[in-house]
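Every heavy atom of this structure was used, including side-chain atoms; hydrogens, water molecules and symmetry mates were not. Here is the naming used below: chain letters follow the sequence lines, and residue numbers restart at 1 for every chain.
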Protein chains: 2
Amino acid sequence: MENLTRKQREIKEREDRILDLARRMLAEGGYLGLSMDGIAEQLEYSKGTIYNHFPCKEEIIISLAVETMDRRLGMFQRAAEFVGRSRERISAIGVAAELFVRLYPHHFFVEQIIRSASIWEKTTEKRRSLMQSCEHRCMGIVSGIIRDGIGQGDLKLPDGIVPEDVAFGLWSQCFGAYSIIATSDSLPQLGISDPFVAVRRNISTMLDGYAWQQLSSDYDYQQLFERISSEVFADEYQTLQSV
Amino acid sequence: MENLTRKQREIKEREDRILDLARRMLAEGGYLGLSMDGIAEQLEYSKGTIYNHFPCKEEIIISLAVETMDRRLGMFQRAAEFVGRSRERISAIGVAAELFVRLYPHHFFVEQIIRSASIWEKTTEKRRSLMQSCEHRCMGIVSGIIRDGIGQGDLKLPDGIVPEDVAFGLWSQCFGAYSIIATSDSLPQLGISDPFVAVRRNISTMLDGYAWQQLSSDYDYQQLFERISSEVFADEYQTLQSV
DNA sequence: ATTGTTTCTGACGAAGCGTCAGAAATAAGG
DNA sequence: CCTTATTTCTGACGCTTCGTCAGAAACAAT
């Protein structure tokens with residue numbers, strides 16, 4: 001793998017710096033805060049050089065989004081390896097999702113931007129399908145655990161409901177809640193003192209509704225949450241605590 | 001109320017035309033598709049005139065968002081008046097939310113943009129608090145129904161959970177799901193054939209998890225959905241069918 | 001008819017995007 | 001080591017959009 005010339009290494013390294021700076025600019029000032037001129041200036045390269053890496057602003061954003069989803073996918077994979085009953089494993093996914101958004105809010109923010117700015121027209125098909133495949137694999141992990149649960153008799157879905165429908169429910173609950181949390185500073189005024197706890201309870205209650213064993217009345221999922229955090233995601237959890 | 005000069009009426013009418021065009025431009029090309037120059041050109045006024053109405057692009061977007069939330073608030077109010085047990089009334093809210101997003105996707109899109117583009121810095125405190133108050137009242141309606149349910153013995157929340165937490169769950173479930181539906185065209189590939197139905201089932205299951213009477217096993221909420229659509233929201237439902 | 005006020009206009013400066021001819025650096029060949 | 005070919009880098013350029021503002025035009029009051 002080390003058959004790269006000095007030049008090629010330089011280029012790769014510069015690309016990382018571009019993405020790193022771009023993410024910060026995006027976090028700072030949203031879509032408009034990210035400026036090609038600004039990148040060139042701050043990195044002390046000419047604009048042309050930046051455009052050698054990325055043909056347009058939108059491609060940078062997509063690249064950031066792919067990085068983001070890769071990172072989460074990694075955490076989901078680690079979570080899925082948690083040894084335990086199916087509902088414990090899905091809880092591990094929940095821990096991963098929450099830790100991810102709390103630890104890397106900038107990453108999550110990129111995903112929100114992707115979903116609203118219409119940047120798709122300008123980007124190549126390749127990047128788009130790369131993103132989709134990340135999304136698919138994330139969903140696949142979750143659906144897989146649900147299927148395992150069904151196979152092991154922990155869960156039985158009613159007619160007309162497939163595991164993907166439930167996975168979609170978890171996904172939208174998380175995405176929606178985390179979006180609202182990130183962009184609304186008046187939740188305490190609305191009477192929601194700890195929205196993250198509220199999300200966990202709501203999701204847990206939905207799974208109870210599907211009668212996924214073991215029910216939250218027979219098991220301390222709050223304690224499991226702590227255990228998974230400190231066992232599976234020790235480093236991440238540490239970081240979060242210290243902030 | 002009719003003490004307006006011809007001029008003033010002209011101005012009011014023009015403001016509506018600006019907002020109408022702006023919404024279409026926004027729906028067409030996102031944040032970037034909305035251009036002040038474009039508005040001036042298409043409406044055949046000079047830019048200065050447009051800027052007499054709105055001091056910046058962002059204020060237009062906020063105005064659109066307020067329109068949006070007002071409209072939904074209206075539908076929520078009608079839904080809340082539905083006569084029935086508490087869980088039937090919350091179902092009516094669900095119908096309103098779904099009809100709203102399906103009938104007025106442009107309106108919903110504005111809300112998504114608001115939540116990602118960083119437009120808040122440029123806008124006045126007044127508009128912002130106007131939006132918040134809309135949000136609060138929407139939440140208030142939902143929380144109110146939940147409280148009614150508790151008062152009438154249909155529902156009992158576990159310790160540490162307040163009605164607002166449950167309302168937050170419904171809100172985030174809907175917002176997340178509708179966002180994903182609006183911006184992801186690969187849901188069928190993921191195995192989710194009818195995402196709107198999936199949302200309804202997931203929400204219903206969550207309410208079952210809270211043991212909100214009557215449980216979905218004892219009541220045909222699918223049929224209730226149809227009934228509310230055609231009774232409370234006859235016009236809207238009609239429009240939706242014909243599209 | 002004259003004066004004062006409101007409303008409208010479009011040229012302007014600033015900033016950002018993406019391009020491209022030519023300069024500079026690097027690699028290859030003798 | 002010098003020449004030539006190739007790659008990489010540069011920044012001026014054209015274009016679009018934002019938001020401003022001095023002056024023109026329309027309107028109202030006297």
Under 3.5 Å donor-acceptor, B/T49 side chain and B/Y45 backbone | no

Please work out which residues in residues 48-64 of chain B have a non-hydrogen atom less than 4.0 Å from an atom of DNA chain D and list them by number.
-> B/Y51, B/C56, B/K57, B/E58

By a strict heavy-atom criterion of less than 4.0 Å, which residues belonging to residues 33-47 of chain B are in contact with DNA chain D?
-> B/L34, B/S35, B/M36, B/D37, B/K47

Look at the side-chain N and O atoms of B/R14 and state whether any lies under 4.0 Å from the OP1 or OP2 oxygen of C/dT7.
-> no

Within this structure, what is the OH-to-P distance between B/Y31 and D/dT17, rounded to whole angstrom?
-> 13 Å

Verify whether the ring centers belonging to A/F108 and A/Y104 lie closer than 6.0 Å.
-> no

SB check B/E111 B/R72 (cutoff 4.0 Å) | yes

Centroid separation B/F76 to B/F100 less than 6.0 Å = no

A/R14/A/E44 salt bridge by N-O under 4.0 Å criterion | no

Do B/F175 and A/F175 have their ring centres less than 6.0 Å from each other?
-> no

Using the ring of B/F225 (Phe, Tyr or Trp, six-membered ring only), decide whether B/R200 places NZ or CZ under 6.0 Å from its centre and within 45 degrees of its axis.
-> yes

For B/Q77, does the CD atom have more than 12 heavy-atom neighbours from other residues, nucleotides or ligands under 6.0 Å away?
-> yes

Atom NZ of B/K122 and atom P of D/dC18: how far apart are they, to the nearest Å?
-> 9 Å

